[in-house]
K.L.:
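Dropping a structure here in structure tokens format, bear with me for questions.
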Amino acid sequence: MDNNESSIKIQNTLTRVSCTFAFSLFTFFYLYYYQADLLTVMQHVFSKGQTHYNRFIGAVLITVVLLLLQVGFVNIFRKVRLAWAFTFVPPALCLVLLTDVHVSPIDGMLSFGNWVYIFPLALLAFVLLVWASSASGLSKTLGDLVAPPVRNLWANLCVVFLSILLVCLAGNADKTYHTRIYVEQCLMKGDIDKALDEIRKRGIEDENITMLTAYALSQKKTLAENLFEYRLNGGARALMPYGCNVKFELLPDTSFYAYLGNCYVQRMPTMKYLDYQSRHKRLNSRTIDYLLCGYLMDKKLDLFAREIVKYYRVNDSIALPKHYREALLLYTHLRSNPRIIYTNNVMNADFQDYQKLENSIADWRERKNALYETYGNTYWYYYQFCR
């Protein structure tokens, strides 16, 4: 009898340790790797920029707090025959509540999702179900069904894994938003290459990502050389923050405008700001490329051709940035009486190949896909197929 009781105690300890280890391990890595960006913004917003979230310390503290909460529920239900795994349900609900945060489409601010309302109801339902199952004898019946050690262990782990699945499905899984925050943090640390690598890897067409792409390339001084190699969306207006649709979450926009040269109390749309800078002769090397790339993003080739000669020498002996060469060559071919006749033998051969491939495919979608594979990094492709 003593041996049997000792065996049962060991089995129960193994089940409890396994469940606790699985939940703790998931919670830490979920917070440290996946939701660290979201929690960084939350702390930045709620502290009004006064404190900064540390992903390691934050993940450890939140995990410990959730485990203490689990211990609390163990004590609350100590007189009830309850599978150990079910004591992790309330902490899992709390974790869902913490990470179910999204950007409001109305004002662009962070707001908690539907779990603000679901959480108290779910917690109440959990307590009532535990009480009802205990009072009716259902928990004892189910406990007897899974009494064998291996079956008991797997039954408990299945409950923990279902709790983990709930957290994964209900938490913020917005790939675009996570990418934005990650890229912003890279830019704040001065790791421009890492930011651009992340943008290229994700391949997201989003106005906020477009703004961050341009900002990163400008800091590398390759805006005019590489901008159209990335997926872009929103036209010229997406080059700078405006309203609640395109904005920084962590970076203060005052530092962005200071980088460009001038920060004004009244925010202006991209091209209005750049035009104002131009009229008051405040353009610098950064804003010049922003202006010219803005014309290209809005596909205003005539304005681009008119303005580029003010800031660049356009002739065969001077090497222009790649996208400026592509735009001028396209402009020369599209206009019957162009302001500038630009020639570049190597690029002209590439453009002819582009046109041959384009004319060889009748279906628009197939043509778009075929051209993207070879010429997706050119301004020609952007001008023809992108918004």
Side-chain angles (χ1 to χ4, degrees), residues 176 179 183 195-218 220-239 246 270-271 289-308 312 314 319-336 338-387:
T176 300
T179 301
V183 170
L196 290 171
D197 287 343
E198 181 71 11
I199 293 171
R200 190 183 296 275
K201 180 175 68 175
R202 297 299 180 184
I204 299 171
E205 291 187 14
D206 175 76
E207 293 184 356
N208 285 283
I209 301 295
T210 296
M211 177 182 66
L212 294 171
T213 302
Y215 187 33
L217 290 172
S218 177
K220 285 197 70 175
K221 300 181 180 180
T222 59
L223 181 63
E225 187 72 26
N226 303 122
L227 178 62
F228 295 98
E229 296 177 2
Y230 295 82
R231 290 183 177 272
L232 305 174
N233 187 34
R237 70 175 186 172
L239 289 175
V246 179
T270 299
M271 298 312 294
D289 283 333
Y290 262 90
L291 175 68
L292 296 175
C293 286
Y295 287 134
L296 294 183
M297 290 189 71
D298 284 344
K299 303 179 183 181
K300 296 179 178 179
L301 290 178
D302 293 297
L303 289 176
F304 171 77
R306 185 193 71 188
E307 294 297 316
I308 191 173
Y312 285 89
V314 181
L320 291 170
K322 183 183 74 170
H323 295 316
Y324 292 170
R325 300 197 307 270
E326 293 169 345
L328 286 173
L329 188 65
L330 178 63
Y331 168 76
T332 301
H333 280 79
L334 290 178
R335 299 294 184 263
S336 57
R339 177 188 297 266
I340 300 172
I341 299 177
Y342 181 77
T343 58
N344 184 302
N345 293 332
V346 174
M347 186 162 284
N348 191 62
D350 288 339
F351 186 67
Q352 289 178 356
D353 292 338
Y354 177 92
Q355 291 179 310
K356 288 179 182 178
L357 180 59
E358 176 188 3
N359 295 329
S360 66
I361 303 174
D363 182 76
W364 183 86
R365 188 173 297 277
E366 291 182 8
R367 184 192 316 143
K368 179 181 178 181
N369 293 335
L371 287 170
Y372 179 78
E373 291 180 6
T374 308
Y375 298 100
N377 61 347
T378 65
Y379 179 70
W380 309 325
Y381 181 86
Y382 174 88
Y383 185 86
Q384 186 172 0
F385 294 107
C386 298
R387 291 176 287 175

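Model, not experiment: these values are computed from the prediction. All values below were derived from every heavy atom in this structure, side-chain atoms included, with hydrogens, water molecules and symmetry-related copies excluded.
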K.L.:
Are Leu371 and Glu358 packed together at the side-chain level, in the sense that at least one heavy-atom pair is separated by less than 4.5 angstrom?
P.N.:
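Counting from C-beta outward, Leu371 and Glu358 do come under 4.5 Å.
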
K.L.:
Does some side-chain heavy atom of Leu196 sit less than 4.5 Å from a side-chain heavy atom of Tyr230?
P.N.:
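Answer yes - side chains close enough.
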
K.L.:
Not counting sequence neighbours, which residues clear side chain to side chain donor-acceptor pair (under 3.5 Å) with Tyr295? List them please.
P.N.:
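Listed in chain order: nothing, the list is empty.
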
K.L.:
Would you call Thr378 and Phe351 a side-chain contact if the rule is heavy atoms closer than 4.5 Å?
P.N.:
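Not in contact.
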
K.L.:
Where the side chain of Ser218 meets the backbone of Ala214, is there a donor-acceptor pair that is under 3.5 Å apart?
P.N.:
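Absent.
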
K.L.:
Going by salt bridge (Lys or Arg N to Asp or Glu O under 4.0 Å), name the pairs with one or both residues in residues 220-230, residues two or more places apart or in two chains.
P.N.:
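Qualifying pairs, neighbours excluded: Asp193-Lys220, Arg200-Glu229, Glu229-Lys322.
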
K.L.:
Main chain of Asn208, side chain of Asp206: is a donor-acceptor contact present, judged purely on distance under 3.5 Å?
P.N.:
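Here the side-chain-to-backbone pair exists.
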
K.L.:
First locate atom CG of Asp353, then atom OG1 of Thr374, and finally report the distance between them rounded to the nearest 0.5 Å.
P.N.:
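One gets 9.5 Å once the value is rounded to the nearest 0.5 Å.
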
K.L.:
Would one find more than 12 heavy atoms of other residues, nucleotides or ligands at under 6.0 Å from atom CG of Leu334?
P.N.:
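Yes, because the 6.0 Å sphere around CG of Leu334 holds more than 12 heavy atoms from other groups.
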
K.L.:
In Å, rounded to the nearest 0.5 Å, how long is the span from CE of Met297 to CZ of Phe304?
P.N.:
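Output value for this atom pair is 14.0 Å.
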
K.L.:
List in chain and number order the residues that pass side chain to side chain donor-acceptor pair (under 3.5 Å) with Tyr331, two or more places apart in sequence or in another chain; answer none if no residue qualifies.
P.N.:
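In terms of side chain to side chain donor-acceptor pair (under 3.5 Å), with neighbours along the sequence ignored, Tyr331 is linked to no residue.
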
K.L.:
Have Tyr312 and Asp289 got a donor and an acceptor in their side chains that come within less than 3.5 Å?
P.N.:
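Tyr312 vs Asp289: donor-acceptor pair found between side chains.
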
K.L.:
Determine, stepwise, if the pair Thr179 / Glu198 fulfils side chain to side chain contact (heavy atoms under 4.5 Å, CB included).
P.N.:
CA-CA 7 Å; Thr179 301; Glu198 181 71 11; 4.2 Å; yes

K.L.:
Distance-only, no hydrogens or angles: does the Arg367 side chain make a donor-acceptor pair with backbone N or O of Asn359 under 3.5 Å?
P.N.:
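Checking the backbone N and O of Asn359 against the side chain of Arg367, no donor-acceptor pair under 3.5 Å is found.
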
K.L.:
Return yes if some donor-acceptor pair links the side-chain N/O of Tyr379 with the main-chain N/O of Tyr324 below 3.5 Å, else return no.
P.N.:
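No, Tyr379 side chain to Tyr324 backbone: no donor-acceptor pair under 3.5 Å.
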
K.L.:
Give a yes-or-no answer on whether the side chains of Tyr354 and Gln384 include a donor-acceptor pair shorter than 3.5 Å.
P.N.:
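Side chains of Tyr354 and Gln384: pair found under 3.5 Å.
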
K.L.:
Taking all non-hydrogen atoms of both residues into account, name the closest pair between Leu212 and Ile199 and its distance.
P.N.:
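For Leu212 versus Ile199, the nearest heavy atoms are C-CD1, 4.4 Å.
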
